[in-house]
Amino acid sequence: MSSKRRRMIFFFLSMLLVAAMVINACGGGDSEPEAADAPAEEAAPAAAEAEESAAEAEEEEEMMEVDLSPSEYPEPQLIVGSREVEKLPLDQILTYKALDSYSEPEWVSELVAEGVLPPVEERLPVEPRVILESGMSDGIGVYGGVWRDFSACPTEGYNRGAGQSAGWFGIEAAAFASLLKSGPIYRRSDSLEPLPYLAKSWEWSEDGYELTMNLIEGAKWSDGHPFTTEDVLFSWEDMIVDSNVQSPKGASAWVFDGEMTQLEVIDDYTFKFVYPVAFPVQSLFQMDEGDFHISPAHILKPLHPKYNSEMDYVDFEAAMPPDKTPVVLGEFVPVEYITDELMILRRNPYYWGVDEAGNQLPYLDEVVFEKGPSGVGRTLSTLAGSADHSNLENPSTFIETLKRAEEDDAHFYVEWGPETLGFSIKLNLSTTLGVKDDRDAAIRELFRDVRFRKAFSFALDRDGISQSILRGPFLRGWAGGLFPGSSYFDRNTVAYYNHNPEAAAALLADLGFEDSDGDGVLNWPADRLASGENLVLALVTSEDAEETQTVGDAAVTLLGDLGVQINVRPLNSAARREMNEAGEWELRVDRDSQTFAVPFTRCRELAPIEREFSFHREGSEPRELLDFEQELVDIALAFCVEPNTDVRRELMAEYNRISTENVHFVGVFVGRYGLAAAKRFKNVPAGMPVFMYNWTWENVMPEQVWVDPSEQIEQLRPGVIPTYESE
Ligand code: CA
């Protein structure tokens, strides 16, 4: 449907709504039941009554003149210096195939000549994973170089499958490998499915109950041991399914309709999932980094309490300590760790990927993570020139980084990703949870009336708010619903009730609010709240996010101008969590989750499906879903199990239309996460989001990043490869 036609329909519907309101206003009161039925001429009114109805008619006319229709949601403004994502079909990004010959860095060949390592073709699989030149922004690379980064989390150890953290901030992504990879989905034009990684392909059975996974054949762990379905089976049975092991994602993630998924091994390189339901396609997203962790069976099985009576689960969790080089499948292997100071990772000589010219990947020799107490350190180190990458996540810190990036001697550039950094105001839609008196009950009823939610939305000057947080093209208004940067977003589905104080005032008047005592604040109509007190609402912001407080202050002014008094209360995250669980809140400013960027991976959070749904939580009494909320639930449930990407897009278009037309929540502004990265890095994909399906290190495909020899900086441990004690 064209946007013009859609707008006309919106306009028509809005006029119908206005007409319905007028009828309500005339026929709603008990005192004049006949007024709505009887035409005015037949009522033969007395002079006073005539005057009154003339005044009413004038009011009606005024109401008719107020345009309550949504405006068109604008196209995003382009930011100078930022590149658009170059979307490609998967077969132009990578493939799996044998090449005529393979090569490696010279210093690695020397180790082969010395007998330290087998020749490269013996270390590689039969058909390695090949990164294609057509998908590289700077082409085939050269060897050498260092990536310096920063981690603000302690490294507990490398038994990730038992819940240990290797230090986050990209360390996991650099060292470990998963069955599939969802980080680079943003690069795909053919589908919104994860990319193959250790699993090179997969097929659904016709009935959708079985999913057969084909592993890469002949890949090896960083100690040279073959990777097979034995590792997958061990990771499943003895890590994920064993409830004594604190896996990052436990067995419950694999339960559908109360029944557990089964995993069956077919041969060394093939296995299948047998599901209790048809096409749980969403489970593909549970096979990526951090969800289905692939652990080395040859290392951990002998140490697992099930097979070793001398071990308990606490010992088992600590079986891959931080000071011992771990056996991994990723591009880089941690070879040295100084607690709270430094981690050095070196190229994995057994990494099972190559470029199209047969060069074994990665191109870089070394990755160094400086350790620090807080995430701000990453930005500070990048500004100071000692780190090569930072993610810009808080608009309040953008300016300083941008200023530095513009200086001639800056070693990094800044690039902006898609619009997926959104802030919104939620209205508590529960009729019971946290409701303690008549006033609470009246507020919830008011919030459940679409006219009030629209009035609230119309009150907000989103462009003004955006500019007050950060001047320039970085932030702009957001209607709510999906983030404009989501692959599922369609601008034409947005009902944008943006800044229109006249419309907001008309809707508040229609709801019966009037400043009866003339103190500047609207009073409740007696039929909504008998006390007739002023309309005063409490809005909670977050102490940890400056932007939420700016939004709160703006709401105080903008709603205040309309006679709605807002009291702002900043809370820390612990207090906010408690408040949400008890349901004891009215309005809330949120920094929104990535549900609205990558809805498919978090489909059950799109609508009030779970009892814990963010702003319509169920308490001890059953939840009363609004009609449109039920529609959103139905769409989300269908979406979760829809295998076809095109149908999924249609479902999300409908979802976004219903969510924004009904102002399910009030979007305020949306911005972009920024990437700060070293200028010397080549092959960082254009327009790469720092956070979408995953974070930078998963999104960039670090094995393809290279540095021109003239710009390479000194390595801390040149010539070092991971070594393991022989048993
Ligand atoms: Ca008042």
Side-chain angles (χ1 to χ4, degrees), residues 17-18 21-22 24-32 51-52 55-68 425-431 434-461 464-465 497 499-541 549 551-570 584-589 663 666 668:
L17 184 70
V18 171
M21 285 173 188
V22 171
N24 268 338
C26 295
D30 289 337
S31 54
E32 294 173 304
E51 219 168 88
E52 205 172 86
E56 259 173 35
E58 224 167 81
E59 228 171 76
E60 279 167 29
E61 215 165 272
E62 223 168 80
M63 189 77 190
M64 294 295 286
E65 278 170 14
V66 176
D67 184 3
L68 298 174
I425 297 178
K426 305 288 171 15
L427 290 76
N428 193 338
L429 297 181
S430 172
T431 50
V435 172
K436 286 179 292 198
D437 53 29
D438 289 351
R439 182 186 161 278
D440 289 343
I443 284 175
R444 302 299 176 82
E445 275 313 318
L446 181 65
F447 287 178
R448 290 165 64 88
D449 192 317
V450 68
R451 289 173 293 172
F452 184 76
R453 298 194 302 276
K454 278 186 189 170
F456 202 104
S457 186
F458 271 137
L460 298 184
D461 172 8
I465 295 172
Y497 298 100
H499 199 213
N500 183 346
E502 202 187 12
L507 287 164
L508 289 167
D510 188 55
L511 285 157
F513 288 93
E514 193 189 331
D515 182 13
S516 49
D517 54 8
D519 66 353
V521 181
L522 295 172
N523 293 73
W524 283 87
D527 58 346
R528 288 183 176 271
L529 184 60
S531 67
E533 64 195 58
N534 279 344
L535 177 57
V536 182
L537 301 171
L539 180 140
V540 170
T541 59
Q549 300 185 34
V551 169
D553 293 344
V556 169
T557 307
L558 294 164
L559 272 297
D561 288 347
L562 292 161
V564 181
Q565 187 183 327
I566 306 265
N567 294 334
V568 174
R569 195 167 151 228
E584 289 172 2
W585 59 280
E586 291 165 10
L587 300 163
R588 190 177 85 199
V589 187
V663 196
V666 181
V668 182

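Atoms within each ligand, like the ligands themselves, are counted from 1 in listed order. FYI, side chains are in, hydrogens and waters are out, and symmetry mates aren't considered; it's all heavy atoms of this structure.
- Within the model, atoms CG of Leu537 and CG of Leu587 stand 5.5 Å from one another, a figure rounded to the nearest 0.5 Å.
- The Ca ion (ligand 1) has Asp515 OD1, Asp517 OD1, Asp519 OD1, Val521 O, Asn523 OD1, Asn534 OD1 as protein N, O or S atoms under 3.0 Å away.
- Note on residues 499-508: no pairs pass side-chain hydrogen bond (donor to acceptor under 3.5 Å, both in side chains), not counting sequence neighbours.
- Sequence neighbours left out, the pairs with a member in residues 514-531 that pass salt bridge (Lys or Arg N to Asp or Glu O under 4.0 Å) are Asp449-Arg528.
- Partners of Phe513 according to the ring-ring contact (aromatic ring centres under 6.0 Å, His included) rule, which considers only residues two or more places apart in sequence or in another chain, are Trp524.
- For Arg569 (side chain) and Val540 (main-chain N/O), no donor-acceptor pair under 3.5 Å exists by modelled atom type.
- For the atom pair CG of Asp438 and CD1 of Ile443, the computed distance is 11.0 Å after rounding to the nearest 0.5 Å.
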